[in-house]
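Structure, as structure tokens:
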Amino acid sequence: MAPGIEMWLTTDGSHWSEPDLPPQSRSVVSGNLDMSSPGISLQYSTQADGRTFLSGIFHGPGKPGRVEVVTGGGVVHATALALAGQPGWGAWYAVTRLQESKERVGAPSGTPWTVTLYNSSGGVIARQQYHP
């Protein structure tokens, strides 16, 4: 995790704090996520040191193993977090330095980013493309 960034889970969702910003959260109980089918979200913010904090919520069957984000510049390996037991959801995060201009968030590269959640056996639980 980057200096000054903290992320934690509670039974109602994912929470995090970043330097100079108020604490933030994403609920898994408010009805804003379609939990009837597997899914994974992506959000991002650029830090003062130029690195990018990527994170999101995932949901679906099975034990989460790892998350990968494929950008225009390569693969970013992320950390998956889940509460004890099998709540069917969790959160993920990565901190990376996006080197190439085509890879930067919001760059007009036209290359979609793909976020994939794998189970502990390497099978895909959820995959989503985003056009940053």
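Quick caveat: nothing in here was measured; it's all calculated off a predicted structure.
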Smallest separation among heavy atoms of Val67 and Ala80, with atom names: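 Smallest heavy-atom distance, with atoms named: CG2-CB, 4.2 Å.
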Exercise: identify the closest heavy-atom pair between Gly4 and Pro19: O-CD, 3.5 Å
Is any side-chain heavy atom of [X] closer than 4.5 Å to a side-chain heavy atom of [Y]?
X	Y	answer
Arg127	Thr114	yes
His15	Thr10	yes
Val124	Tyr118	yes
Phe58	Val115	no
Pro64	Asn119	no
Val69	Tyr130	no
Thr79	Arg66	no

[atom1]/[X] to [atom2]/[Y] distance, rounded to the nearest 0.5 angstrom?
X	Y	atom1	atom2	value
Arg26	Trp89	CZ	CH2	13.0 Å
Ser25	Asp12	OG	CG	7.0 Å
Met7	Tyr93	CE	OH	8.5 Å
Ile57	Ser27	CD1	OG	7.5 Å
Ile125	Ser120	CD1	OG	7.5 Å
Tyr44	Phe53	OH	CZ	14.0 Å

Pair Glu68-Thr116, side-chain donor/acceptor within less than 3.5 Å: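 Their side chains do not contain a donor-acceptor pair, so the 3.5 Å distance test is not met.
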Exercise: do Glu18 and Ser45 side chains pair donor with acceptor under 3.5 Å: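 Looking only at side-chain atoms, Ser45 and Glu18 do form a donor-acceptor pair, the distance falling under 3.5 Å.
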Trp8: hydrophobic cluster co-members (side-chain, 4.5 Å):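 None, because no other hydrophobic side chain comes under 4.5 Å of this residue.
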Cluster check Val70, Leu54: I/L/V/M/F/W/Y, side chain < 4.5 angstrom: no
Connected via hydrophobic side-chain network under 4.5 Å: Leu81 and Met35: yes
Sidechain-backbone polar pair: Ser121 side chain, Gly123 backbone, donor-acceptor under 3.5 Å: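 Such a contact is absent between Ser121 side chain and Gly123 backbone.
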Arg97 side chain vs Asp49 backbone, donor-acceptor pair below 3.5 Å: yes
Derivation and outcome, side chain to side chain contact (heavy atoms under 4.5 Å, CB included), residues Arg51 and Val95: CA-CA 7 Å; Arg51 293 187 295 171; Val95 178; 4.0 Å; yes
Ser41/Gln43 under side-chain hydrogen bond (donor to acceptor under 3.5 Å, both in side chains): CA gap, chis, key distance, verdict: CA-CA 7 Å; Ser41 67; Gln43 57 202 32; 5.2 Å; no
